[in-house]
Every structure is written in C-alpha cells, then in structure tokens.
Undergrad: 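If you scroll down you'll find the structure; I have some questions about it.
Computed over heavy atoms, backbone and side chain alike; hydrogens, waters and symmetry mates excluded.
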Amino acid sequence: MQLVPRKICFSSCHKDAFKKNTGGYPGKISFPFKETIKRIFEQETEIILFHNLGNYWHSIKPGEEKDLDKIDAFIEKYRDIVFLRDCLDLSIALSENLSEKNELTLIGDLEDRAKYKNDNKAVEELADLTANFIKNTPFYDSVDCVCAVPPSDPEKDNLPRSVLCKMPPFVEKDISKYVNWDQKKPPLKELDLKNKISTLNSVNLNIKTDVKNKSIIVIDDLYQSGTTLQYIGMKFKDAGASYVYGLSFVKARNNKDYV
C-alpha cells in the first residue's frame, strides 16, 4: 500500500503547519502523519501531539502562550529539514535538492558539486552540516553506529563514504567498511518495487560486523524512492539492530518515484 504524503518540510510544502490566532486559540500546529516528526517534535518541545482524522495536532490554549515560542523555535531549527515517512524508525533529509523556483538549494548545490564535480570543499561542508545535525538532533545524537550506504560498485567509493570519512567525531562509530554489496548494484530507478527488491536481493548485502541491539544511522546522498536506504535498514534489523535511522543529504523535490 502506498502511503501519502511522504514528506513534511516547513520551507516548502508545509509552510502553514503552524497557524496563530485561529479558531479562538493563540495557535495550532498540525502534521499530516506521525512518522519521524512526532517523536522529534515531542522530544524537543515537550508538547504532545493528538491524533484526529489522520492529522497530528496541538492547539495552544489561552494561558499557554509560552508554547508558541517553543514551536517557533522548533520550526526555525528544522525549517529546511525534510521529515520522511517510510519504513525506518526515523528518516530525514537535510534539505530538498531544489527550491520552489526549481533552483538548487544550499545543500542541493553542495551535493551536486561534491558528487558530480569532485569539489572537496563541498564534501567538507556536507560533512560539517551532517555532523552538526547528528550532534544536535534527538535520537540521532545517541546512536551506537553510523554507516554510509555502500557504493553500487564494490571496487569504488561514493559520496556518503567520502563525507563520513571527514566527520572525525564519528570515526569510532563508522561501520561502513563492514557493509558492502557482493556484486555491482544495477540502477533501480526504472524498476517497480518488486523488481527493485529482487535486484537488491540478487547483489546481496554483506554485513560483517555485529549490530545486535545497536542503533544505527544509515547515510545516503539523494533520497528519491528511498528503496535502497530502507532495504539496508531491513537487513540491519534482520541482523538484530534495535533502531535504524535514515539520514540523506537531500530529498528529490520533483521526482515521481514514491514507492
């Protein structure tokens, strides 16, 4: 079953998630799904979200105006973040790759320069932004392991690994070298979900480290359908991991691949 919508982003599709002075209340926050955002919102703000007719919301009552500042601070902190709805325990992209004007965002530009133009400075900036996000975000800040999505070609490197190599605070938690495909992974973009999973099974993901009862961040560059990221998460869970959190540099804005 396809779950829609798949993302929440305060700088684009959910600019109006927080409304003030509405319906006799000082303010109301509302989200279309609970995945990822509910746990982080409640942890950061200590404000409980309620569920009704598919929405998760909280109305600020008169006398509780201090909560307006908490919500404002939350939205400001996560303005460009994309909260994703998928099969991982939590899943986030640091930004969409394109703005509403169809121009590269700040992080979209860094990802493009780092991936396609071999710009080392862009790799370093991505590493700093990713490390700061992990250190300052609930649940992500206390994981046991960090793992880059393995390169499609086992003989080559990829952007997630290059970025993770430049994140000194996480070197001791990096298990990337123990997680690889047995064979070269073909492109998945044009395949339906059944054939995507069949293809991933055929190239076989090898996990040569103990992840039992561990919490793990899996880092990817571009989140389009998220199939590979979720597949790796599933394999970590099969190997005994307790929690798997996805973290992508950018979420594709204009894609139609929502499987």
Side-chain angles (χ1 to χ4, degrees), residues 3-96 99-100 105-107 129-144 146 169 215-219 223 226 229-230 233 241-251 253 258:
L3 296 175
V4 292
R6 289 285 306 276
K7 65 181 181 181
I8 293 170
C9 182
F10 298 128
S11 66
S12 61
C13 52
H14 292 89
K15 290 179 179 178
D16 298 325
F18 186 33
K19 296 180 179 179
K20 295 182 180 180
N21 301 314
T22 178
Y25 289 92
K28 180 179 180 179
I29 187 81
S30 180
F31 305 121
F33 57 80
K34 68 177 180 178
E35 287 83 353
T36 300
I37 193 156
K38 185 175 188 291
R39 288 180 66 190
I40 294 177
F41 177 84
E42 291 182 344
Q43 180 74 14
E44 289 257 4
T45 66
E46 299 182 325
I47 296 172
I48 301 300
L49 293 175
F50 302 101
H51 179 225
N52 185 44
L53 300 176
N55 287 318
Y56 293 81
W57 58 274
H58 189 101
S59 291
I60 308 302
K61 299 176 182 178
E64 298 178 349
E65 282 79 7
K66 65 182 185 305
D67 287 342
L68 295 174
D69 293 335
K70 292 181 180 180
I71 297 174
D72 276 331
F74 180 85
I75 291 175
E76 183 60 31
K77 178 179 177 180
Y78 293 102
R79 184 168 300 281
D80 294 320
I81 294 296
V82 185
F83 297 91
L84 294 161
R85 185 186 199 191
D86 59 22
C87 297
L88 299 173
D89 292 292
L90 296 172
S91 192
I92 279 175
L94 299 180
S95 170
E96 292 181 301
S99 70
E100 292 180 303
T105 60
L106 171 64
I107 297 180
L129 288 167
T130 304
N132 285 334
F133 174 85
I134 293 172
K135 288 187 290 185
N136 292 294
T137 303
F139 308 107
Y140 285 80
D141 63 353
S142 56
V143 296
D144 302 302
V146 182
S215 55
I216 306 169
I217 297 172
V218 183
I219 296 177
Y223 188 110
L229 193 64
Q230 294 176 81
S242 298
Y243 301 99
V244 180
Y245 305 143
L247 181 56
S248 302
F249 304 141
V250 289
K251 168 74 178 76
R253 180 181 177 85
Y258 285 104

Undergrad: What's the separation between atom OG1 in Thr137 and atom CD in Gln43, rounded to the nearest 0.5 Å?
TA: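 Thr137 OG1 to Gln43 CD: 11.5 Å, rounded to 0.5 Å.
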Undergrad: Would you say Thr36's side chain and Leu84's backbone share a donor-acceptor pair under 3.5 angstrom?
TA: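 Between the backbone of Leu84 and the side chain of Thr36 there is a qualifying donor-acceptor contact (under 3.5 Å).
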Undergrad: If you take all heavy atoms of Ser91 and Leu229, which pair is closest and at what distance?
TA: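 Taking Ser91 first and Leu229 second, the nearest heavy atoms are OG-CD2, 4.5 Å.
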Undergrad: Within a reach of under 6.0 Å around CZ of Phe139, are more than 12 heavy atoms found that belong to other residues, nucleotides or ligands?
TA: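 Above 12, so yes.
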Undergrad: Say you draw a straight line from CD1 of Ile71 to NZ of Lys28; how long is it, rounded to the nearest 0.5 Å?
TA: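 Result: 12.0 Å between the selected atoms.
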Undergrad: Could you tell me whether the side chain of Leu247 reaches within less than 4.5 Å of the side chain of Leu94, counting heavy atoms only?
TA: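 Yes, side chains in contact.
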Undergrad: If you take all heavy atoms of Ile48 and His58, which pair is closest and at what distance?
TA: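 Closest approach of Ile48 to His58: O-ND1, 2.6 Å.
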Undergrad: Side chain of Ser215, backbone of Tyr243: donor and acceptor closer than 3.5 Å?
TA: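 Not a single qualifying donor-acceptor pair exists.
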Undergrad: When you measure from the side chain of Asp89 to the backbone N and O of Val244, does any donor-acceptor pair fall under 3.5 Å?
TA: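 It does hold such a pair.
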Undergrad: Check whether any side-chain N or O of Lys7 sits under 3.5 Å from a backbone N or O of Ala93 as a donor-acceptor pair, and report yes or no.
TA: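 Not a single qualifying donor-acceptor pair exists.
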Undergrad: Could you tell me if the side chain of Phe18 sits less than 4.5 Å from the side chain of Leu68, heavy atoms only?
TA: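 When only atoms from C-beta onward are counted, Phe18 and Leu68 do touch, with a gap below 4.5 Å.
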Undergrad: Between Phe31 and Phe41, is the ring centre distance below 6.0 Å?
TA: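 Yes, they do, as the ring centres are separated by less than 6.0 Å.
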Undergrad: Evaluate the side-chain proximity of Asn132 to Lys135: yes if any heavy-atom separation is below 4.5 Å, no if none is.
TA: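 With C-beta onward as the side chain, the pair touches.
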Undergrad: Backbone N or O of Gly226 within a donor-acceptor pair of the Gln230 side chain at under 3.5 Å?
TA: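 Looks like yes, one N/O pair under 3.5 Å.
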Undergrad: Surrounding NZ of Lys19 (heavy atoms of other residues, nucleotides or ligands, distance under 6.0 Å), is the total greater than 12?
TA: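 Open.
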Undergrad: Which residue, Arg39, Lys38, Lys77, forms the salt bridge (Lys or Arg N to Asp or Glu O under 4.0 Å) with Glu44?
TA: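 Result for salt bridge (Lys or Arg N to Asp or Glu O under 4.0 Å) with Glu44: Lys77.
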Undergrad: Output the distance between atom CD1 (Ile92) and atom CG (Asp86), rounded to the nearest 0.5 Å.
TA: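 Reported to 0.5 Å precision, the distance equals 10.5 Å.
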Undergrad: For residues Ile216 and Ala241, report the shortest heavy-atom separation together with the two atoms involved.
TA: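 Minimum heavy-atom separation between Ile216 and Ala241: CD1-CB, 3.9 Å.
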Undergrad: Using side-chain contact (heavy atoms from CB on, under 4.5 Å) as the criterion, list what pairs up with Ser12, not counting sequence neighbours.
TA: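 For Ser12 the side-chain contact (heavy atoms from CB on, under 4.5 Å) partners, ignoring immediate neighbours, are Cys9, Glu96, Glu100, Arg253.
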Undergrad: When rounded to the nearest 0.5 angstrom, what distance separates CG in Leu49 from OH in Tyr56?
TA: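 Here the interatomic distance stands at 9.5 Å.
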Undergrad: Do you know the tightest heavy-atom contact between Phe10 and Tyr78?
TA: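 So the minimum-distance heavy-atom pair works out to CD1-O, 3.6 Å.
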Undergrad: Looking at every non-hydrogen atom in both residues, tell me the closest pair between Pro62 and Pro26 and how far apart they are.
TA: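 The pair with the smallest heavy-atom distance is N-CD, 3.8 Å.
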Undergrad: Walk me through whether Ile29 and Ile75 qualify under side-chain contact (heavy atoms from CB on, under 4.5 Å).
TA: CA-CA 10 Å; Ile29 187 81; Ile75 291 175; 4.2 Å; yes
Undergrad: Enter the distance from Leu129:CG to Ile134:CD1 here, rounded to the nearest 0.5 Å.
TA: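 CD1 of Ile134 is found 11.5 Å from CG of Leu129.
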Undergrad: Taking salt bridge (Lys or Arg N to Asp or Glu O under 4.0 Å) as the definition, give me every residue that meets it alongside Lys70, ordered by chain and number, with sequence neighbours left out.
TA: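 Applying salt bridge (Lys or Arg N to Asp or Glu O under 4.0 Å) to Lys70 gives Asp67.
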Undergrad: Using the ring of each side chain (for Trp, its six-membered ring), is Phe133 parallel, tilted or perpendicular to Tyr140, with breaks at 30° and 60°?
TA: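 Rings of Phe133 and Tyr140: perpendicular, as their planes differ by over 60°.
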Undergrad: Rounded to the nearest 0.5 Å, what separation is found between the OG atom of Ser248 and the CD1 atom of Ile107?
TA: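 Output value for this atom pair is 11.5 Å.
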Undergrad: Which atom names give the shortest non-hydrogen contact between His51 and Trp57, and what distance separates them?
TA: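 Scanning both residues, the minimum pair turns out to be C-NE1, 4.1 Å.
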Undergrad: Let me know which of Ile81, Asp80, Val82 forms a side-chain contact (heavy atoms from CB on, under 4.5 Å) with Ser11.
TA: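 So the option named by the test is Asp80.
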